[in-house]
Amino acid sequence: MFENILPLYGLNSDKATVKLFGDGLINHTWKVTTDTQNYILQKVNNEVFKMPKDIDRNISLIKQYLDVEYPNYLFVSPVSDLNGHSLLDTANGYFRLFPFIEGSTSLNSLTNKEEAYEAAKQFGKFSRILAGFDATQLGITIPDFHNLKLRYSQFQIACKNASEERLEKAKDSITFITEHKGIVDTYINIVANNEIPLRVIHHDTKINNVLFDKKNNGLCVIDLDTVMPGYFISDVGDMMRTYLAEASEEETDLSKISIRKEFYTAIYDGYMEEMKDVLTETEKQYFTYSGKFIIYMQAIRFLTDYLQNDVYYGAKYEGHNFNRALNQIQLLKEYIKLEGEL
């Protein structure tokens with residue numbers, strides 16, 4: 001495969017070393033080492049991203065804007081092949097080649113609040129410098145990705161069609177989700193509120209989508225496949241969900257799930273350092289809600305998949321998605337306990 005792909009970029013596949021790279025779960029990624037420069041080669045998962053050309057167009061439009069308005073911003077975009085294409089459509093699938101940012105590193109987990117601050121600052125900066133860009137120009141790379149109204153509707157349908165056994169096992173979780181439907185109602189009000197505009201939003205703000213330098217300062221955000229129009233609560237909420245608890249979403253000992261308040265403060269400080277003059281006053285009122293929004297939605301998605309016999313996420317063991325739903329419900333409970341304080 002590589003001997004067919006690399007020459008399209010003018011690279012000699014016989015003199016290049018190609019090794020699997022990173023821990024990404026969606027796209028296949030390799031590091032390509034040559035005598036003169038290193039690259040990241042990526043095969044786009046077009047089962048998840050049905051329209052890879054829309055992703056390519058989005059990145060191209062953003063690059064054109066940044067080249068004019070913020071030429072010094074480190075924007076990691078695909079390099080063009082010998083024919084000027086930034087996305088290859090081949091018999092083996094869709095491929096892109098990125099420059100490898102030397103001296104950079106990414107993290108798979110957070111160890112201190114300073115890392116959370118740096119990450120939040122980078123995601124805030126990304127939305128800030130694109131505040132003047134018309135977000136509606138961008139294609140929707142994953143339709144309804146953070147549409148909580150739809151996710152709740154899917155949950156209701158799953159409850160009607162699930163087996164008696166799974167309904168019985170999940171009855172307490174179903175009750176909790178139903179009792180907190182107010183989170184959905186708030187989301188519906190946000191979407192209808194003209195004072196909460198669509199922005200260019202990353203939509204996947206986990207920590208390994210930030211590059212750091214050797215001194216652990218944030219450099220930029222990467223993995224731009226989910227960049228599309230959205231609301232700021234998506235990026236802030238995803239940071240809350242993935243940064244606040246030391247335990248991962250796979251943890252089954254619910255006693256280990258707690259909120260690190262200092263990490264909440266770090267997210268707020270980093271993001272608002274960049275976005276405080278960009279967000280409307282109405283948007284700022286929903287900063288804390290952002291955490292409830294994403295945690296609740298992920299709990300719904302795991303629980304819905306369990307009720308539907310694990311057709312979306314799959315399951316590594318019996319009850320896997322149910323356990324993940326319990327994990328996120330516990331995280332939401334802990335978050336709600338501290339909501340007033342936060």
Side-chain angles (χ1 to χ4, degrees), residues 58-59 61-77 110 113-138 146 186-187 189-207 209-213 215-224 226-244 261-294 339-342:
N58 286 354
I59 294 175
L61 286 173
I62 292 173
K63 184 178 188 307
Q64 291 171 28
Y65 177 85
L66 294 177
D67 282 348
V68 174
E69 301 293 336
Y70 295 91
N72 295 323
Y73 177 73
L74 179 57
F75 184 68
V76 186
S77 58
L110 287 162
K113 62 182 181 181
E114 288 75 23
E115 293 166 347
Y117 166 84
E118 289 290 333
K121 182 175 171 63
Q122 288 304 317
F123 284 113
K125 182 177 182 179
F126 182 72
S127 285
R128 175 181 64 77
I129 64 176
L130 288 167
F133 180 89
D134 180 5
T136 62
Q137 292 185 59
L138 300 179
H146 284 177
T186 299
Y187 166 77
N189 291 335
I190 286 173
V191 172
N193 193 327
N194 292 330
E195 295 180 10
I196 302 179
L198 282 173
R199 300 188 181 279
V200 179
I201 299 299
H202 189 283
H203 284 100
D204 189 10
T205 54
K206 59 180 180 289
I207 192 61
N209 282 336
V210 179
L211 289 184
F212 291 82
D213 66 17
K215 295 182 179 180
N216 241 19
N217 297 312
L219 288 173
C220 65
V221 301
I222 56 173
D223 198 354
L224 306 173
T226 55
V227 172
M228 52 187 160
Y231 301 99
F232 91 99
I233 58 173
S234 287
D235 278 3
V236 172
D238 202 32
M239 285 188 281
M240 302 285 197
R241 188 184 85 83
T242 56
Y243 298 4
L244 293 185
K261 289 184 287 185
E262 68 275 18
F263 279 60
Y264 177 93
T265 302
I267 293 169
Y268 180 87
D269 290 346
Y271 190 82
M272 292 301 284
E273 185 172 326
E274 296 287 341
M275 289 291 285
K276 64 182 177 182
D277 295 327
V278 176
L279 296 177
T280 67
E281 291 304 312
T282 302
E283 284 177 298
K284 292 174 184 177
Q285 295 173 20
Y286 291 99
F287 194 93
T288 304
Y289 166 81
S290 301
K292 289 198 298 184
F293 164 63
I294 291 290
E339 185 176 4
E341 187 175 345
L342 297 178

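Contact annotation: the side chain of Glu283 approaches that of Arg199 to within less than 4.5 Å [non-hydrogen atoms, C-beta and beyond]. Between Ile59 and Phe75 the shortest side-chain heavy-atom distance falls below 4.5 Å. Contact check for Asn58 versus Val227: no side-chain heavy atoms found under the 4.5 Å cut-off. Within the 4.5 Å cutoff, side-chain heavy atoms of Ile267 are placed close to those of Met240. In this structure the side chain of Val236 never reaches within 4.5 angstrom of the side chain of Phe293, judged on heavy atoms.
Side-chain polar atoms of Tyr264 and Thr288 form a donor-acceptor pair below 3.5 angstrom.
Shortest non-hydrogen contact noted between His202 and Val221 is CD2-CG2, 4.1 Å. What you find for Tyr70 and Ile129 is that their closest heavy atoms are CE1-O, 3.2 Å. Annotation for Ala116 and Leu110: closest pair N-CD2, 3.6 Å, computed over non-hydrogen atoms. Between Glu115 and Phe212, the shortest heavy-atom contact is O-CZ, 4.0 Å. Residues Val76 and Leu224 come closest through the heavy atom pair O-CD1, 4.1 Å. Of all the heavy atoms in Pro197 and Thr280, the pair that sits closest is CD-CG2, 4.3 Å.
At a threshold of 4.0 Å, the pair Lys121-Glu274 counts as salt-bridged, since one of the basic side-chain nitrogens sits closer than that to a carboxylate oxygen.
Between the CG atom in Leu219 and the CG atom in Leu211 there is a gap of 6.0 Å [rounded to 0.5 Å]. Rounding to the nearest 0.5 Å gives a distance of 11.5 Å between CG of Asn193 and OG1 of Thr186. Atom CG of Asp238 and atom CD1 of Ile207 lie 11.0 Å apart (nearest 0.5 Å). To the nearest 0.5 Å, atom CD1 of residue Ile190 and atom CD of residue Gln285 are 10.0 Å apart. Distance check, rounded to the nearest 0.5 Å: CE of Met275 to NZ of Lys284 gives 10.0 Å. Of the inter-residue distances, the one linking His146 atom NE2 with His203 atom NE2 reads 6.0 Å to the nearest 0.5 angstrom.
Around OH of Tyr117, the count of heavy atoms belonging to other residues, nucleotides or ligands within 6.0 Å exceeds 12. Applying the 6.0 Å contact sphere to NZ of Lys63 captures no more than 12 heavy atoms from other residues, nucleotides or ligands. Heavy atoms of other residues, nucleotides or ligands lying less than 6.0 angstrom from NZ of Lys261 number 12 at most.
Between the side chain of Thr242 and the main chain of Lys206, no donor-acceptor pair closer than 3.5 Å is present. No donor-acceptor distance shorter than 3.5 angstrom exists from the side chain of Asn209 to the backbone of Asp223, with no hydrogens or angles considered. A donor-acceptor contact shorter than 3.5 Å links the side chain of Gln122 to the backbone of Gly218. For Asp235 (side chain) and Phe123 (main-chain N/O), no donor-acceptor pair under 3.5 Å exists by modelled atom type. The closest donor-acceptor contact from the side chain of Tyr73 to the backbone of Cys220 lies at 3.5 Å or more, if one exists at all.
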For side-chain contact (heavy atoms from CB on, under 4.5 Å), just list the numbers for Ile201 and Tyr231, CA-CA rounded to whole Å, side-chain angles, deciding distance to a tenth of an Å, and then say yes or no.
-> CA-CA 7 Å; Ile201 299 299; Tyr231 301 99; 5.8 Å; no
Could you walk me through whether Leu279 and Met272 pass side-chain contact (heavy atoms from CB on, under 4.5 Å), step by step?
-> CA-CA 9 Å; Leu279 296 177; Met272 292 301 284; 3.8 Å; yes
Yes or no on side-chain contact (heavy atoms from CB on, under 4.5 Å) for Val210 and Phe126, after CA distance, side-chain angles and deciding distance?
-> CA-CA 11 Å; Val210 179; Phe126 182 72; over 6 Å; no
Evaluation steps, side-chain contact (heavy atoms from CB on, under 4.5 Å), between Leu61 and Phe133 | CA-CA 9 Å; Leu61 286 173; Phe133 180 89; 4.1 Å; yes
